[in-house]
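For reference, the structure discussed in these notes is given below.
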Amino acid sequence: MFVEILSDYDAVSARAAEIVLAALRRENPVLGCATGSTPIGLYRRLIALGNEEGLDFSRIATFNLDEYVGLPPEHPQSYGRFMREHFFDAAGVDPARVHMPDGMADDLEAACAAYERSIEVAGGIDLQILGIGSNGHLAFNEPGSSLGSRTRVQALTEKTLSDNARFFGEGEAPPRKAVTMGLGTIMEARKLLMLASGTGKAAAVRDALEGPVTAMCPASALQMHPHAHILLDEAAASALAYRHRDGVAEPKR
Ligand code: PGA
């Protein structure tokens, strides 16, 4: 794990944009995208850099981590809509190269298997962007998810439902299930880039980075990945017991 601790959210977003751009320089890049509040600053930077430097995002293929079950792609809280609004449309990503898990399929199991196949056909994911839930979830792999899990339907925990309720209107019930890439799927990406910001993530970050590898903290699976890059702001890093620098962890003195 390569852990970088930066001053604040903006610094995390700027550093993340540098790392993503470097990964996109390869031929036919495949980018794994995440939703949530955390990567919004990264997407904003990528769009700005794209405009300044005349970058062409139409060559990239994208795969998103997850989508709610039962929300049509035009629903304001669907992750398909989130991605169009925060990144795809302004960046000029080719809709034909965008892949989202299908939470509306009649046969969800078949749709999950098809999603796995489409990642394979694309040659795998070069760089997967990740957030972390305050309960340690990675994508919608909630605590208890098998470390080898594949794309599947996942029931959401009460913690996740309450964390995400803020995005839904009053009286509007957030979906209780989602389709998510599995931890095993995520672990096959060639590189992982996890971002976390704010004290609300500090305990989950500590458990993920310094705790045991366990299904009870799905983000602890990052410890098993050969190329996991973790960007934290000071607040998200505040519960760490170790000083993480240059790829090593030393006790804080
Ligand atoms: P957030 O969500 O970026 O909105 O905090 C992260 C996550 O739940 O993975």
Side-chain angles (χ1 to χ4, degrees), residues 6 8-17 20 31-46 63-69 71 76-83 85-87 100-101 103 125 127-145 149 151 154-168 174-183 185-187 189 192-209 215-222 225 228-239:
L6 299 137
D8 57 15
Y9 177 75
D10 286 343
V12 167
S13 302
R15 179 76 182 112
V20 172
L31 182 65
C33 293
T35 53
S37 336
T38 310
I40 290 177
L42 158 63
Y43 295 138
R44 212 175 276 146
R45 293 243 171 202
L46 287 174
F63 285 86
N64 262 79
L65 287 169
D66 44 19
E67 179 59 283
Y68 287 115
V69 168
L71 289 194
Q77 298 315 327
S78 80
Y79 287 166
R81 173 98 171 246
F82 175 101
M83 289 307 302
E85 282 179 0
H86 290 284
F87 185 44
M100 302 289 305
I125 293 170
L127 177 71
Q128 177 65 59
I129 300 163
L130 296 163
I132 180 172
S134 61
N135 66 352
H137 73 202
L138 214 52
F140 271 136
N141 293 284
E142 298 283 35
S145 294
S149 52
T151 303
Q154 166 79 68
L156 303 179
T157 58
E158 293 302 327
K159 179 76 181 120
T160 295
L161 290 169
S162 72
D163 281 354
N164 290 356
R166 68 187 195 276
F167 298 115
F168 289 82
R176 300 190 72 86
K177 287 184 178 171
V179 177
T180 182
M181 275 189 208
L183 292 170
T185 321
I186 292 169
M187 291 292 282
L192 303 180
L193 177 63
M194 193 193 87
L195 318 179
S197 167
T199 49
K201 300 294 173 66
V205 164
R206 177 200 59 214
D207 292 350
L209 270 51
M216 296 317 293
C217 178
S220 65
L222 289 171
H225 195 281
H229 198 142
I230 291 131
L231 300 181
L232 309 173
D233 66 9
E234 296 277 2
S238 58

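Whatever order the structure lists ligands and atoms in, that order sets their numbers, starting from 1.
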Please could you name the atoms of ligand 1 that T38 approaches to less than 4.0 Å, counting only its heavy atoms?
1 (P), 3 (O), 5 (O)
For F82 together with Y68, are the ring centres under 6.0 Å from each other?
no
Are the side chain of Y43 and the backbone N or O of E85 linked by a donor-acceptor pair below 3.5 Å?
no
One residue to check: M194. Relative to ligand 1, which of side chain, backbone, both or neither has a non-hydrogen atom less than 4.0 Å away?
neither
Is there any N or O on T35 that sits under 3.5 Å from an N or O of ligand 1?
no
Protein heavy-atom partner closest to atom 6 (C) of ligand 1 - residue, atom, separation in Å:
I132 O, 3.5 Å
Atom indices of ligand 1 within 4.0 angstrom of G131 heavy atoms, with elements:
9 (O)
Distance filter under 4.0 Å to R166 heavy atoms, resulting ligand 1 atoms:
4 (O)
Pairing of R176 and E158 as salt bridge, 4.0 angstrom limit
yes
Any heavy atom of K159 closer to ligand 1 than 4.0 angstrom?
no
Can you list the ligand 1 atoms lying under 4.0 Å from a non-hydrogen atom of G36?
3 (O), 4 (O)
Nearest-neighbour protein heavy atom for atom 7 (C) of ligand 1, which is reported as residue plus atom name and distance
H137 NE2, 3.5 Å
